[in-house]
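The structure appears below as structure tokens.
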Protein chains: 2
Amino acid sequence: MQDILFEFISKYVSLTEEEKNVIVSLDIFHSVKKGTVLLKEGQKSKNSYFVLKGCIRTYYVLDSEEKTTGFYTEMEAFTPPCVISKTPSDFYISCIEDTILTVSNSDMELEVNSKFPKFETVCRILSEELLAKQRMDFDEFKTSSPEQRYLNLLQKRPDLIQRVPQHQLASYLGIKPQSLSRLRTRILEKDKG
Amino acid sequence: MQDILFEFISKYVSLTEEEKNVIVSLDIFHSVKKGTVLLKEGQKSKNSYFVLKGCIRTYYVLDSEEKTTGFYTEMEAFTPPCVISKTPSDFYISCIEDTILTVSNSDMELEVNSKFPKFETVCRILSEELLAKQRMDFDEFKTSSPEQRYLNLLQKRPDLIQRVPQHQLASYLGIKPQSLSRLRTRILEKDKG
DNA sequence: ATAACACGTTCACTTAAGTTAAGAAAAGAC
DNA sequence: GTCTTTTCTTAACTTAAGTGAACGTGTTAT
């Protein structure tokens, strides 16, 4: 299971056995049950996550309604903005499946960064890449209609549509569950006709 | 003028006079006229930008229509995704005002990073911060209506609404110029009533 | 087993954005 | 200055998303 993390890191730098041992000894691997809430609105946290298996989701509660904004699955890393800004979180993170993930905190990263300078390089490249990727996702979202966004998601992350409840997908697409349902039947009828 | 860059960097690390001189000697400061296109769709580029004065904008051309996705003004840095992914750009960058900016390329950064390790730390922190900030912007966009997004922009970046043409603002808000115009009169009438 | 709840779909109705077109106002070119 | 182009607004009409409610299904709890 840990190999998944090392496979991920190896995309950026190669690690020695010693370095791998240091990471393992940090005891960051955790197994959590479906439904577990990892972070609540209002909490302060220094934790970053890397999903080895399963799926976690970020959501806001606005007007006592859940607004899902992100899903993180196998081989995806996530650092909540509140960790960077050092302010209370304004959203929740929970597991929508039984999940195996790593939980690392920013103090730990600071320490590892100073011991292994190449780790800082990994962090730099990773966040540069994520920033670029997220910017493209944002641009795509802005420039397309809900229907296009759904079709797009179907292409890029077909697994999500299978494993995630529709009402969570809907707010992820920026619409209401009823609209997603309607939009799907509209697409099906186009395919037929 | 260069002091603006140093003021910006000083938020992350303090620079010695020698280090400042190295940066100045790189000759990255440029003055460009309104309307200048800095990057075209299809081009490859290694350039990152930092705006000292003025405003640059990123936009796609889809179905021969411009879709504006970003504005960068004083003290804002921008690295196009194509620089990270090393693929041809799928959008344009142009100056919507006479602009003074720095243009640095990734080879240069690689060199500076190895000469001054603390520069890599600046880059890491900066991209982590931008990533967190952008995620919050994206979340806000997803969870609000066009009208809310406009009101939000009015609060957060009131200058943009003054200095940017409406049709560019509209696509930045994910709507058509006519809808923005209508939405504005709708808000005005609410204020009255 | 049954009650309670969560989830997805459907429908009728409301609201707002997209579309097309026309005209006024402002900015830029000559 | 005038002419041209761009920008912004307005209006009528179309399309799609939001809203509120009902219903069927499937799951959870007791």
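Please read all numbers here as calculations on a predicted model, not as lab measurements. Throughout, protein chains are lettered first and strands after them, A, B, ... in sequence-line order, and every chain is numbered starting at 1.
Spacing between atom CD of B:Gln168 and atom C1' of D:dT7 amounts to 10 Å, rounded to whole angstrom units. In this structure, the CG atom of B:Leu169 is 11 Å from the P atom of D:dT9, given to the nearest Å. Here the C1' atom of nucleotide D:dT10 and the NZ atom of B:Lys176 are 18 Å apart, to the nearest Å. Separating the NZ atom of B:Lys142 from the C1' atom of D:dA17 is a distance of 18 Å, rounded to the nearest angstrom. The CD-C1' distance, from B:Gln166 to D:dC8, rounds to 7 Å in whole Å. Distance B:Glu147 CD to D:dA17 C1': 15 Å, rounded to the nearest Å.
Nucleic acid contact class of B:Arg186 (heavy atoms, under 4.0 Å, all strands): sugar-phosphate only. If you check every strand for non-hydrogen atoms under 4.0 Å, A:Pro177 touches nothing. No contact: A:Ser145 has no heavy atom under 4.0 Å from any strand.
Aromatic rings from B:Tyr49 and B:Phe78 are positioned such that their centres are separated by 6.0 Å or more.
Looking at A:Thr87 and A:Ser85, their side chains do bring a donor and an acceptor atom within 3.5 Å of each other. No hydrogens or angles considered: a donor-acceptor pair under 3.5 Å links the side chains of B:Thr68 and B:Arg57. A:Thr58 and A:Thr69 share a side-chain donor-acceptor pair at under 3.5 Å.
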- request: Check the pair B:Thr102, B:His30 against side chain to side chain contact (heavy atoms under 4.5 Å, CB included), reporting the backbone distance first and the verdict last.
  value: CA-CA 6 Å; B:Thr102 73; B:His30 296 273; over 6 Å; no

- request: May I have the step-by-step check of side chain to side chain contact (heavy atoms under 4.5 Å, CB included) for B:Thr73 and B:Leu160, ending in yes or no?
  value: CA-CA 9 Å; B:Thr73 58; B:Leu160 276 192; 4.2 Å; yes

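Five base pairs at each end of the helix from C:dA1-D:dT30 to C:dC30-D:dG1 define two local axes, and these are offset by 50° (rounded to 10°).
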Nucleic acid footprint by protein, nucleotides 20-30 of chain D - heavy-atom cut-off 4.0 Å, B for base, S for sugar-phosphate alone: B----------

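A nucleotide of DNA chain C counts as in contact with chain B when one of its atoms lies under 4.0 Å from a heavy atom; the first and last such, 5' to 3', are C:dA16 to C:dG28.
The closest side-chain heavy-atom distance from B:Glu19 to B:Thr16 is below 4.5 Å.
With salt bridges taken as basic N to acidic carboxylate O contacts below 4.0 Å, none links A:Glu120 and A:Arg124. A salt bridge does not link A:Lys176 with A:Glu66: none of the charged nitrogens is closer than 4.0 Å to a carboxylate oxygen.
Geometrically, A:Arg157 does not engage A:Phe71 in a cation-pi contact, judged by NZ or CZ lying under 6.0 Å from the ring centre and within 45° of the ring axis. In this structure, B:Lys142 forms a cation-pi arrangement with B:Phe138, its terminal cationic atom sitting closer than 6.0 Å to the ring centre and no more than 45° off the ring axis.
Residue whose closest nucleotide on DNA chain D sits further toward the 5' end, between B:His167 and A:Ser179: B:His167. Across the interface with DNA chain C, nearest-nucleotide mapping of A:Pro165 and B:Ile175 shows A:Pro165 to be the residue nearer the 5′ end.
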